[in-house]
Amino acid sequence: MAKAIYHFGGKRVDGNATMRDVLGGKGANLAEMCRIGLPVPPGFTIATTACQGYYDNRGRLPKDLVESIHKAVRRLERETGKRWGDPRNPLLVSVRSGAAISMPGMMDTVLNLGLTDEVTEGLAALSGNRRFALDARRRFIQMFGNVVEGLGLERFEHILRAAQAEAGVHSDTELSADVLEDVVQKYLVVFKEGTGRTFPDDPHEQLERSVGAVFGSWMGNRAVEYRRIHKIESLLGTAVNVQSMVFGNLGLDSGTGVCFTRDP
């Protein structure tokens, strides 16, 4: 198999800004930001060529790619000092698409991946903020249920709205830890009712299925129609960026967003 994994962050950067066809726009720019010395949370990009391998393998991740992903996670553990599935110091990641040409909102993203019941408790203890840990957990269950299992967002959102109404608040940021714990349990019930399975408690399974779902979204109706309308042709597929999490919901002194510059 051609090289499938490209690391960025820490002391190793495998790509650069010229490699959009292989790394996609996000992956190429993450690599370039590392090269110029910006503080980029470490991660790895799964190349666009692996997307074609997913479809050639009838919508499943090839075995050698799965092995490469596991190896990349172990390297990410060494770079971050965190451990995959370890409640005492958990490594959590985001999984994002990234085609060579930007297709905003057309493909899928999963955040807070790596959270299990045990890791959620560990994150609460480590952060000293149980509300944050439960909020991250409920967001992950909703994203995974929607992106990976195809469960409609409304099945989760109506639970959240009902909790807000009962608590007499207007925003999920105003919900207490106790309320969020109840929301999480109801989300897990919705997941089981919708899929016939309990929510996966193995971070490796969570990651493999999320990567597969992002590759799968390349041929989703939205993405296919977007490429048709904008006459985007000859792309190999989407890359997948797996990156250590930065949290925008940790507290009033944390945030995530998009920054623009006139002079890159």
Side-chain angles (χ1 to χ4, degrees), residues 24 26 43 46 51 54-55 59-61 69 92-99 102-117 119-120 123 132-165 171-173 175 179-227 237-243 245-249 256-258:
K26 285 192 186 76
I46 306 172
C51 184
Y54 167 84
Y55 287 102
R60 297 189 300 272
L61 300 182
I69 292 172
L92 303 179
V93 300
S94 60
V95 177
R96 288 184 168 92
S97 62
S102 178
M103 298 170 54
M106 294 301 106
M107 292 180 292
D108 291 321
T109 294
V110 180
L111 304 179
N112 303 320
L113 196 147
L115 277 176
T116 64
D117 284 336
V119 169
T120 302
L123 185 64
F132 153 68
L134 290 166
D135 188 49
R137 174 71 162 161
R138 70 98 183 163
R139 290 170 187 263
F140 173 47
I141 295 168
Q142 179 170 322
M143 281 188 164
F144 190 93
N146 177 243
V147 170
V148 178
E149 295 289 354
L151 299 178
L153 288 175
E154 177 59 26
R155 302 179 71 159
F156 299 100
E157 289 294 335
H158 91 272
I159 293 173
L160 193 63
R161 288 197 300 269
Q164 291 170 4
S171 170
D172 60 272
T173 60
L175 295 176
V179 173
L180 284 173
E181 187 164 16
D182 182 61
V183 168
V184 165
Q185 294 307 313
K186 289 178 178 177
Y187 274 20
L188 291 172
V189 171
V190 166
F191 184 92
K192 187 169 184 179
E193 289 176 347
T195 66
R197 299 183 298 277
T198 57
F199 193 84
D201 214 39
D202 176 5
H204 285 297
E205 179 185 350
Q206 294 174 358
L207 180 57
E208 291 163 22
R209 294 183 63 194
S210 295
V211 170
V214 172
F215 281 150
S217 67
W218 175 251
M219 293 304 294
N221 291 336
R222 287 180 304 169
V224 169
E225 185 67 6
Y226 184 93
R227 292 196 296 274
T238 183
V240 179
N241 298 290
V242 179
Q243 188 173 21
M245 275 295 300
V246 172
F247 301 101
N249 59 332
T256 58
V258 179

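Atom-to-atom distance recorded for L175:CG and L134:CG is 11.0 Å, nearest 0.5 angstrom. To the nearest 0.5 Å, the span separating CD on Q206 from CG on L115 amounts to 7.5 Å. Rounding to the nearest 0.5 Å gives a distance of 11.5 Å between OH of Y54 and CE of M219. How far CG of L111 is from OG1 of T256: 8.5 Å, rounded to the nearest 0.5 Å. Taken to the nearest 0.5 Å, the OG atom of S171 stands 8.5 Å off from the CG atom of L160. One finds the CZ atom of R209 at 14.0 Å from the CZ atom of R60 (value rounded to the nearest 0.5 Å).
Looking at every heavy atom in both residues, A133 comes nearest to T120 through CB-O, 3.5 Å. For A99 against W218, the heavy-atom pair with the smallest separation is CB-CZ3, 3.8 Å. Taking both residues in full, the closest heavy atoms of F215 and L61 are given as CD1-CD2, 3.9 Å, listed atom of the first, atom of the second, then distance. Considering all non-hydrogen atoms of both residues, L113 and S210 come closest at CD1-OG, 3.1 Å. Nearest approach of A239 to G24, heavy atoms of both residues: CB-N, 4.1 Å.
Within the 4.5 Å cutoff, no side-chain heavy atoms of D117 are placed close to those of F199. When side chains are defined from C-beta on, N249 counts as touching R139, because their heavy atoms get closer than 4.5 Å. No side-chain heavy atom of V147 sits less than 4.5 Å from a side-chain heavy atom of T109. Residues E154 and R161 meet the side-chain proximity criterion, which asks for heavy atoms closer than 4.5 Å. Residues L123 and R137 have side chains not in contact (no heavy-atom distance under 4.5 Å, counting atoms from C-beta outward). Looking at heavy atoms from C-beta onward, P203 lies in side-chain contact with T116 at the 4.5 angstrom threshold.
Of the possible donor and acceptor atoms, one in the side chain of T238 sits under 3.5 Å from a partner among the backbone N and O of G98. Proximity of a side-chain donor or acceptor of N146 to a complementary backbone N or O of G152 within less than 3.5 Å is not detected. Side chain of S217 to backbone of V214: a donor-acceptor contact under 3.5 angstrom is found. Remark: side-chain polar atoms of Y226 are not paired, donor with acceptor, to backbone N or O of N221 under 3.5 angstrom.
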Solution key, residues 180-187 side-chain donor-acceptor pairs under 3.5 Å, sequence neighbours excluded:
{"from": "E181", "atom 1": "OE1", "to": "R130", "atom 2": "NH2", "distance (Å)": "3.3"}
{"from": "E181", "atom 1": "OE2", "to": "R130", "atom 2": "NH2", "distance (Å)": "3.0"}
{"from": "D182", "atom 1": "OD2", "to": "K186", "atom 2": "NZ", "distance (Å)": "3.2"}
{"from": "Y187", "atom 1": "OH", "to": "Q142", "atom 2": "OE1", "distance (Å)": "3.0"}
{"from": "Y187", "atom 1": "OH", "to": "F156", "atom 2": "O", "distance (Å)": "3.4"}

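A salt bridge links R197 to E149: at least one charged side-chain nitrogen sits closer than 4.0 Å to a carboxylate oxygen.
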Start with the C-alpha distance between F140 and L92, add both sets of side-chain angles, then the distance that settles side chain to side chain contact (heavy atoms under 4.5 Å, CB included), and finish with yes or no.
CA-CA 11 Å; F140 173 47; L92 303 179; over 6 Å; no
